[in-house]
Each structure stands twice: as C-alpha cells, then as structure tokens.
Amino acid sequence: MDTPFSTIAVVGLGTMGTGIAEVLARAGREVIGIDTDPQAAARAVASLEVSTARAVSRERLTERERDDVLARFRTFSDLSAAADAQLVIEVVPESYEIKQQVIRELDAVVGPGTILATGTNALSVTRLAAESLRPERVLGLHFFNPAPAMKLVEVVSSVLTAPPAVEAVTALARELGKEPVAVGDRPGFVADGLLFGYLNQAAAMYEANYASREDIDAAMKLGCGLPMGPLALLDLIGVDTARTVLEAMYAASHDRLHAPAPVLGQLSEAGLTGRKAGRGFYSYAAPGSQDVVPDALTPGAGAVGVPGRTVTAVGVAGSGTMASGIAEVFAKAGYTVVLAARTQEKADTAKGRIAKSLERSVAKGRLTAGARDETLARITPAGSLDAFAEVDLAVEAVAEDLLVKQQLFATLDKVCKPGAVLATTTSSLPVVSVARATSRPQDVIGMHFFNPAPAMKLVEVVRTVLTADDVHATVREVCAKVRKHPVDCGDRAGFIVNALLFPYLNNAIKMVEEHYATLDEIDAAMKLGGGYPMGPFELLDVVGLDVSLAIEKVLHQEFRDPGLAPAPLLEHLVAAGCLGRKTGRGFREHARR
C-alpha cells in the first residue's frame, strides 16, 4: 500500500472539508473536492481564493504560487470524480447512514489500493470500515478546526486496519506539517474524548444556574489559561455536533459524565446550535458571525446594588507561597497589610519572599524601585493573629484542612472587630463549614485566589447561604481595586474551575490506565488539538498528585458520581510518594531542585 498521495479527494466541502482541501492544495497535492451541493462547492472555492489572497498580502505566497494552489483544487458533484485518487477523506455529516453510504459508493469507484479515511470524531471507525469491501484500507483521519492552523491530526486504527495504510497516512500528515498521534477506535479518540466531557460538565453547570455563562467562561480562560471558555467553544463547535459526539461517547462508556446535558438537546431541538445559527449559549450579530451581541441574559452594565463595606486595612493569615502572593497583591494596590504567621520568624520569612518577588519585578522593568519600597512599607509581619484587631478584611491562606481553618476562624471571630469581612481561600472545602466556626457567619465568604496570586487574574467569589449581600459586594469591589476578575459561584465542591478541571485530568489518567494512549500522546493532543497551555500530565505534576487526589476525593464525595472516583493509578502514585515536581517524580521524572 505504498502510495505517493499525489491526488487526494475530499468528500464534503463544509468548513472542515474546505480547510483540509486548502492544506492539501498548498502542500502540492491535486485535490478533488466533492459535494452534492453546488453552493458548498462554490463557497469552498471562494474560501480558498480569499485565504490564498491573504497569504499573498502577507508575503507567505507569491502570485504564481497562489495560481498553482487554486489550479490544483477542482470541485465536482459526483463521487465518480474520486476514481483516480490514492486517498479519499470523507467529512460528511456525523451520521452512520450518510458515511456508510459514501463508503459503499466509493468502494465501487476507487481502485483497490486507495485508502478511505473518515474524518469522524464521534462514530466508530470499525463500524464504518465494516461497510467496505476492503475494511483493511479504512481508517480515521481526524483534523481539528480550523484545519490550516491546527497542528494535531489523530490517525485512528480499527482492528481491521492494515498497518501500511496507517504508516502511509501518518507520513502524509507529517509532510503536511502536522503532528500525527496514533490512537485506537473509541468515540472522541484522545482530544475530543477529554474535551467533550469537560464541555458537557460546563453545560450542566450552567443549566443548574450555578454560575452565569460569562463567569464560567471567564473562570476557565483566566484560571486555566484556555483560549476560549467552554460555552463559547460549544457555540463554535456547534451545540448539535457536541450533542452527537457525547451521545456516541455515552453509548460506549455509559459514564454519566458523557450523558449529554439536557440543555444541549433543548438548544439543538430549538435550532439554537451556536455561531452557525446566530444563537446558542450566546447571541451573535448574524448566523456565522463571531461577534457576540447583548441579549436578555447579558449582565446589566452599571447596575446599582448593595454598597460594600469600607476596606483600608487587610490581614493575611499564613506564611506560604499563596499567603505571600496575596499579601503582595493587596500591598501593591495600596492597602495596609498585616501578614500574620504562627511565629514572628515565619512572618518575616514570608515578607522576605515578597521582597524577592518585587525585586524580580523591578529587574524586569515592571515596577519602579520607589514602588517596590512603598509596597514593602505597607506590609507589617506579625507572629500572632492578635495583630488583626483593626483590619477591615481578613483573608486566610493556611493549610487545606477543615479543622485547621475552623480553628483559625474561631480565633478571627474573637480578634477581628465587628463588621470585618472574613474570607477563606479554600479551593475544595465547604465555606459554610468554616463560617459556622464563627458567631458571625454572615461576614464570611470565599475568595479563591489562584497561584501565583500576583500573576493570576481570577478570583472565585464564593457565597454561602448565610453570606450577607454587603459582604459579597465588598469582596467584588476589593477584587476590582486589586485588578482581579471576580466570578460568582455557590458553595459547593470545586467551585467553577476545579469542578471542571479535575474530572478532565482524572479522565486523562484513566486513558493511560486503559493503555489507550501514552502520556506524551495525550499531552500533545490536548496542547495541539485543544489549545491547552499544558498537557494534563504536565499540569498534574506541577499541581502535585497529592493535591489533585485530595480534590478528586472531595468532588467524588460531594457529587457521588462514579465517574468522578479518583483513578487508581493516581492513588497508587501518591501512596508511593510520587507527587510530581516537588518530589522529583510524578507521572514523569523531574530534576530535583
């Protein structure tokens, strides 16, 4: 099956098919575009003309090269045009019936050595291959949208696929400048298999009115460094497409995390399928537009609410990295800060850490020496919480242990003046359980900063059922003054970010446990196909496997979903003391610092 792939047919000239055709034509292949809809074919030609003209204007192509690319792309309305192709890539709608019909018709048209590739991301490649007279030549070739820009290509083998076919297509992907990842046949493969479970949970979170669409999307962009929030991404992908993928995943896994959130079905049935329809989770200027326009759910600008309390002095309890970072944030914003630790020595060490951080900012030109000195002068280290007597806001950043936090809040209750706001930075514990350790639970709220606090813009603002309105308003006002982006969420495990992030990480571990893909393949797939700044195993080793396991256990205990049970491999590594970068070994080996 040694083919040069000089002529390749692309069946289905929608957005994905057009993008694949462009990649092939620009790589010197003769491309036969096939679509029964003449308007789709015309749009594909027009799209290639526009994109190549743009490339010429940016001096990435010459006019002669552009002419050659356009000449290599021809469109037809009948599958018989694929007769001379050495490879056919179908990207018709995600339907077994439609794809099987295309494969059966191609069998009667193409030569015996032609490879048939399906672009499905949801359907069984094995089931599709079984429709062919030569199932050994059928495989999956899953590009990501937009195909010209995205580097990842998943090469999917079924139990019937001949290895030479896989080798030939993998070599082609590399020639196209793509990063091929070899995977087996299961719904969603690697990238979508992890991505769509996360998107589904985000849709369910929104449907439950736990957080607004804007806050969910902002939380995942700012908290995880993602290029797009999950609900905006669902609109881009197509709500109906996402529902189809999830239905296929659920049929195979029977994991409730893959059961499509009802809102996906409701939007699909109403024709509100996202950008392509002009409305999905958000509303758009027109069908196909990327410009979001206000609608009935858009938060009102300048709405007057309950005024917050006055905050001029802030107390930060703790001596670790997070406490130091939070104290630095408040001091930079002009607040007077008391940094209290269990001993004066620990408090002084924490202030020294802040001094080093500020010095790095000066060295990088981000801060003047004068501003550094003024910031440090605002911070008073203390060896006791008694120093919090006059603070207006007390923020704890101590160990993630409920008993420890309850004891600290009982002390704050006695020390802090009436009307002081008491905030916990917990990422996984119930805020109300901390609040009940005081005689004033109405003054207690969650302020979940992200590490490193000086750099990360997100703060999850967590109200309990007892939190007073003016306390909530105070914290939001303070977030604005320290230049952080607050997102509102209720008091339940994981809040927004961890509740969406850690099930995704857990599912990645399960993929490795099942020998479906390697650490490197999964990390590459999520960075190249999902736009994640770090692959799941890179991130797990940075966060710490013990921290990750603790959060997974809390999520499992709160939601009682079997799919959230921590992966056994994670538990085994933690038991072995392999906790990630901090111990020199986690999922990977790391140089000890």
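All figures in this text were calculated on a predicted structure; none of them were measured in a lab. Atoms considered below: every heavy atom in the structure, side chains included; atoms not considered: hydrogens, waters and symmetry mates.
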For the residue pair Tyr250 and His254, categorise the inter-ring angle as parallel (less than 30°), tilted (30 to 60°) or perpendicular (more than 60°).
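Perpendicular.
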Do the ring planes of Tyr504 and Tyr532 sit parallel (below 30°), tilted (30 to 60°) or perpendicular (above 60°)?
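Ring orientation of Tyr504 relative to Tyr532: parallel.
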Do [X] and [Y] touch side chain to side chain, with heavy atoms closer than 4.5 Å?
{"X": "Phe450", "Y": "Lys457", "value": "no"}
{"X": "Phe502", "Y": "Val543", "value": "yes"}
{"X": "Phe144", "Y": "Asn121", "value": "no"}
{"X": "His556", "Y": "Pro566", "value": "yes"}
{"X": "Leu393", "Y": "Thr474", "value": "no"}
{"X": "Val547", "Y": "Ile551", "value": "yes"}
{"X": "Arg243", "Y": "Val239", "value": "no"}
{"X": "Val292", "Y": "Ser283", "value": "no"}

Considering all heavy atoms, the nearest [X]-[Y] contact:
{"X": "Pro503", "Y": "Leu555", "value": "CD-CD1, 4.0 Å"}
{"X": "Asp295", "Y": "Arg213", "value": "OD1-NH2, 2.6 Å"}
{"X": "Gly586", "Y": "Leu573", "value": "O-CD2, 4.1 Å"}
{"X": "Asp348", "Y": "Pro381", "value": "OD1-CG, 3.3 Å"}
{"X": "Gln201", "Y": "Ala499", "value": "NE2-O, 3.9 Å"}
{"X": "Pro260", "Y": "Leu246", "value": "CG-CB, 3.7 Å"}

List for me each residue that meets side chain to side chain donor-acceptor pair (under 3.5 Å) alongside Asn506, sequence neighbours excluded, and say none if there are none.
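Side chain to side chain donor-acceptor pair (under 3.5 Å) list for Asn506, sorted by chain: empty.
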For [Y], is there an ion pair with [X] - N to carboxylate O distance below 4.0 angstrom?
{"X": "Arg372", "Y": "Glu359", "result": "yes"}
{"X": "Asp561", "Y": "Arg256", "result": "yes"}
{"X": "Arg476", "Y": "Asp488", "result": "yes"}
{"X": "Arg588", "Y": "Asp520", "result": "yes"}
{"X": "Asp443", "Y": "Arg309", "result": "yes"}
{"X": "Asp392", "Y": "Lys417", "result": "yes"}
{"X": "Asp192", "Y": "Arg186", "result": "no"}
{"X": "Arg463", "Y": "Asp469", "result": "yes"}

Please check this pair: side chain of [X] against backbone of [Y], looking for a donor-acceptor N/O pair closer than 3.5 Å.
{"X": "Lys351", "Y": "Lys346", "answer": "no"}
{"X": "Arg585", "Y": "Leu579", "answer": "no"}
{"X": "Asp546", "Y": "Val574", "answer": "no"}
{"X": "Lys582", "Y": "Val542", "answer": "no"}
{"X": "Glu154", "Y": "Phe189", "answer": "no"}
{"X": "Asp541", "Y": "Phe587", "answer": "yes"}
{"X": "Glu513", "Y": "Leu569", "answer": "yes"}
{"X": "Asn200", "Y": "Ala203", "answer": "no"}
{"X": "Gln442", "Y": "Thr467", "answer": "no"}

Can a side-chain donor-acceptor contact be found between Asp413 and Thr438 if the only test is distance below 3.5 angstrom?
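Absent: no donor and acceptor within the cut-off.
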Would you say the side-chain atoms of Thr425 and His448 include a donor-acceptor pair closer than 3.5 Å?
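Not at all, the side chains of Thr425 and His448 share no donor-acceptor pair under 3.5 Å.
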In a table with atom names and distances, give each donor-acceptor pair under 3.5 Å that connects a side chain of residues 324-340 to protein atoms at least two apart or in another chain.
unit_1, atom_1, unit_2, atom_2, d
Ser324, OG, Gly320, O, 3.0
Ser324, OG, Arg353, NH1, 2.6
Glu328, OE1, Ser357, OG, 2.8
Glu328, OE2, Lys332, NZ, 3.0
Glu328, OE2, Ser357, OG, 3.2

Output the distance between atom [atom1] ([X]) and atom [atom2] ([Y]), rounded to the nearest 0.5 Å.
{"X": "Leu233", "Y": "Phe196", "atom1": "CG", "atom2": "CZ", "result": "7.5 Å"}
{"X": "Thr411", "Y": "Glu396", "atom1": "OG1", "atom2": "CD", "result": "12.0 Å"}
{"X": "Phe495", "Y": "Leu501", "atom1": "CZ", "atom2": "CG", "result": "14.5 Å"}
{"X": "Leu199", "Y": "Leu194", "atom1": "CG", "atom2": "CG", "result": "11.0 Å"}
{"X": "Asp215", "Y": "Cys489", "atom1": "CG", "atom2": "SG", "result": "8.0 Å"}
{"X": "His572", "Y": "Leu549", "atom1": "NE2", "atom2": "CG", "result": "11.0 Å"}

Could you walk me through whether His258 and Ser253 pass the side chain to side chain donor-acceptor pair (under 3.5 Å) test, one step at a time?
CA-CA 8 Å; His258 297 153; Ser253 70; 2.8 Å; yes
Please determine whether side-chain contact (heavy atoms from CB on, under 4.5 Å) holds for the pair Cys416 and Arg440, giving the CA-CA distance in whole Å, both sets of side-chain angles, and the decisive distance to 0.1 Å.
CA-CA 11 Å; Cys416 294; Arg440 39 174 154 172; 3.6 Å; yes
Assess the residue pair Val421 and Val444 against the criterion (side-chain contact (heavy atoms from CB on, under 4.5 Å)); give the C-alpha distance rounded to whole Å, side-chain angles, the decisive distance to 0.1 Å, and a yes or no.
CA-CA 6 Å; Val421 174; Val444 179; over 6 Å; no
Is it true that, when you exclude Arg436 itself, more than 12 heavy atoms of the residues, nucleotides or ligands shown sit nearer than 6.0 Å to its CZ?
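Counting neighbours around CZ of Arg436, 12 or fewer heavy atoms of other residues, nucleotides or ligands fall under 6.0 Å, so no.
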Verify the neighbour count for atom CD of Glu345: are there more than 12 heavy atoms of other residues, nucleotides or ligands below 6.0 Å?
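No - once you tally the heavy atoms of other residues, nucleotides and ligands closer than 6.0 Å, there are 12 at most.
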Check the pair Tyr516, Ile522 against side-chain contact (heavy atoms from CB on, under 4.5 Å), reporting the backbone distance first and the verdict last.
CA-CA 10 Å; Tyr516 178 65; Ile522 295 172; over 6 Å; no
Set out, in order, the CA-CA distance, both residues' side-chain angles and the distance that settles side-chain contact (heavy atoms from CB on, under 4.5 Å) for Leu358 and Leu367, then state yes or no.
CA-CA 8 Å; Leu358 295 173; Leu367 194 70; 3.8 Å; yes
Criterion side chain to side chain donor-acceptor pair (under 3.5 Å) on Ser428 and Glu400, from CA distance to verdict
CA-CA 8 Å; Ser428 59; Glu400 192 73 348; 2.9 Å; yes
Considering only distance and modelled atom types, tabulate donor-acceptor pairs under 3.5 Å from the side chains of residues 216-229, sequence neighbours left out.
unit_1, atom_1, unit_2, atom_2, d
Asp217, OD1, Leu231, N, 2.9
Asp217, OD2, Ala232, N, 3.1
Asp217, OD2, Tyr282, OH, 2.6

Do Asp491 and Thr464 pass the side chain to side chain donor-acceptor pair (under 3.5 Å) test, and can you show the C-alpha distance, the side-chain angles, and the key distance before you say yes or no?
CA-CA 5 Å; Asp491 184 20; Thr464 75; 5.6 Å; no
